[in-house]
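As structure tokens, the structure follows; a few thoughts come after it.
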2 protein chains.
Amino acid sequence: MRALAQRLGTGPASLYRYVGSRDELLDLMADAVADELDLSVASAGDWLDDLVGLARQSKAAHVRHPWLADLNDRRGEVLGPHAIDYLDHALGILAPAPGTAGQKLEVVGLLGGLAVLFARRESAATSSGDPTARAAHLAAVAAEGRHPHLLAALKTADAPPPTDRDAQFVRLLRRLLPAMLGQGEQFGQGES
Amino acid sequence: MRALAQRLGTGPASLYRYVGSRDELLDLMADAVADELDLSVASAGDWLDDLVGLARQSKAAHVRHPWLADLNDRRGEVLGPHAIDYLDHALGILAPAPGTAGQKLEVVGLLGGLAVLFARRESAATSSGDPTARAAHLAAVAAEGRHPHLLAALKTADAPPPTDRDAQFVRLLRRLLPAMLGQGEQFGQGES
DNA sequence: CTAATACTGCGAACACCGTTCGCAGTATTT
DNA sequence: AAATACTGCGAACGGTGTTCGCAGTATTAG
């Protein structure tokens with residue numbers, strides 16, 4: 001608050017003429033991020049493709065604004081107008097998909113959660129001071145001998161993970177989403 | 001800190017004779033929770049079953065201690081000794097599974113993240129003041145007419161989600177874990 | 001053009017937080 | 001019995017989000 005006030009060249013007290021509280025401000029900021037998502041991308045004809053695209057946008061937004069992840073923990077996940085637009089859009093994408101309305105609501109929720117999860121994982125790789133030190137610490141612990149599997153894993157995988165994070169995210173969603181609707185057997189692949 | 005000191009019948013300053021800082025205390029608490037997990041359950045012979053069981057334990061721990069979820073956001077996810085035991089145990093379970101060591105490390109990480117995610121989802125249903133008010137608010141917004149898909153979804157699914165959260169979690173993992181190791185095609189089902 | 005009214009910016013202060021300092025009081029060793 | 005170490009902790013520091021009340025400035029009314 002004080003920092004924000006300084007950035008605006010004003011005093012902390014002045015902010016409260018425009019927002020009722022810090023939490024309200026954070027809600028507004030979160031909804032502003034929801035507005036950054038582009039819901040107008042043309043449908044690829046396949047709901048899975050569309051939904052994966054939406055999830056990637058959501059993840060990208062969370063990578064752009066790391067503070068958002070620490071916010072979604074907040075009680076109740078208040079939905080601002082733009083967040084509701086997003087929700088409606090996602091449900092629209094899911095309209096041709098199988099599954100009950102309840103399942104679809106849960107899918108959208110899970111989608112958001114996964115976007116946050118992967119965004120955090122990507123951010124943690126960037127920040128999170130000195131991954132070398134962490135690796136060294138792990139190696140030291142493993143070398144004590146009480147953790148054979150960890151030791152073996154570190155021996156094999158000292159090379160940094162070569163897999164593309166984003167591709168992994170996409171693969172995950174493609175497996176996941178059909179499985180969560182239907183029983184996983186009967187879902188149409190949209191052969192346009 | 002002050003609250004904890006009061007619960008212990010002492011002053012806030014006294015705590016600092018035993019922990020260096022609040023963060024250090026939280027790390028210790030997190031590792032104490034890792035110690036709650038029972039890593040000695042007999043193997044079912046199938047690594048997938050074992051891993052799902054471990055994930056359920058992890059999720060249950062996070063439901064028991066909701067503050068833990070708000071903690072894992074912290075920088076770097078410091079691994080205490082019990083957390084390392086857990087990691088080694090998980091890698092041990094994954095030893096007979098296909099995939100590279102790097103993939104397995106990522107799987108364990110994802111497993112933890114999903115446990116947190118689902119635990120939060122279950123907790124949010126319990127706490128998160130007055131879900132009725134939230135639903136009413138959503139319904140009111142949907143009734144404005146600008147969100148047809150949301151309206152349709154709410155009309156169909158006004159009944160609370162009948163699906164068992166835990167069963168859903170298990171189904172998800174069973175789909176997910178094999179897909180993340182191997183390409184999803186060639187994974188052995190461990191026929192004892 | 002003056003007077004009453006509304007709105008805005010914000011310095012000062014409050015309550016709360018994690019944390020530190022230094023001092024009594026108590027154990028432990030010599 | 002004296003010196004030394006360790007423990008509990010009141011008081012205070014710097015930080016936070018937030019409120020109060022007062023100046024200063026628009027806006028409206030007469």
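Here is how names work: the chains are called A, B, and so on, in the same order as the sequence lines, proteins then strands, and each is numbered from 1.
In this structure, of C:dT19, C:dT20, C:dA12, it is C:dT20 that holds the atom nearest to the side chain of B:Ala13.
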Please list, pair by pair, any protein nitrogen or oxygen found under 3.5 Å from a nitrogen or oxygen in nucleotides 5-9 of chain C.
residue	atom	partner	partner atom	Å
C:dG9	OP1	A:Tyr18	OH	2.9
C:dG9	OP2	A:Tyr18	OH	2.3
C:dG9	N7	A:Arg17	NE	3.1
C:dG9	O6	A:Arg17	NH2	2.6

Just the table, please: protein N/O against nucleotides 15-17 of chain C N/O, every pair under 3.5 Å.
residue	atom	partner	partner atom	Å
C:dC17	N4	B:Arg2	NH2	3.4

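The interatomic distance linking A:Leu15 (CG) with D:dT16 (P) rounds to 13 Å, in whole Å. Regarding B:Tyr16, its OH atom lies at a distance of 18 Å from the P atom of D:dA12, rounded to whole Å. Summarising the geometry, the separation between CG on A:Asp23 and C1' on D:dG17 is reported as 10 Å, rounded to the nearest angstrom.
Counting only heavy atoms from C-beta outward, the side chains of B:His147 and A:His89 never approach each other to under 4.5 Å. Taking 4.5 Å as the limit, some side-chain heavy atom of A:Met29 sits within range of a side-chain heavy atom of A:Leu26. Within the 4.5 Å cutoff, side-chain heavy atoms of B:Leu8 are placed close to those of B:Leu4.
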How far apart are the C-alpha atoms of B:Leu172 and B:Phe118, what are their side-chain angles, what is the distance that settles it, and do they pass the side-chain contact (heavy atoms from CB on, under 4.5 Å) test?
CA-CA 11 Å; B:Leu172 187 84; B:Phe118 274 75; 3.5 Å; yes

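Ion pairing between a basic and an acidic side chain is recognised when a charged N comes within 4.0 Å of a carboxylate O; B:Lys59 and B:Asp166 show such pairing.
Scanning both residues, A:Ala90 and A:Leu51, for their nearest heavy atoms gives O-CD1, 4.2 Å.
Atom CZ of A:Arg56 is surrounded by 12 or fewer heavy atoms from other residues, nucleotides or ligands within 6.0 Å.
Of the possible donor and acceptor atoms, one in the side chain of B:Gln103 sits under 3.5 Å from a partner among the backbone N and O of B:Thr100.
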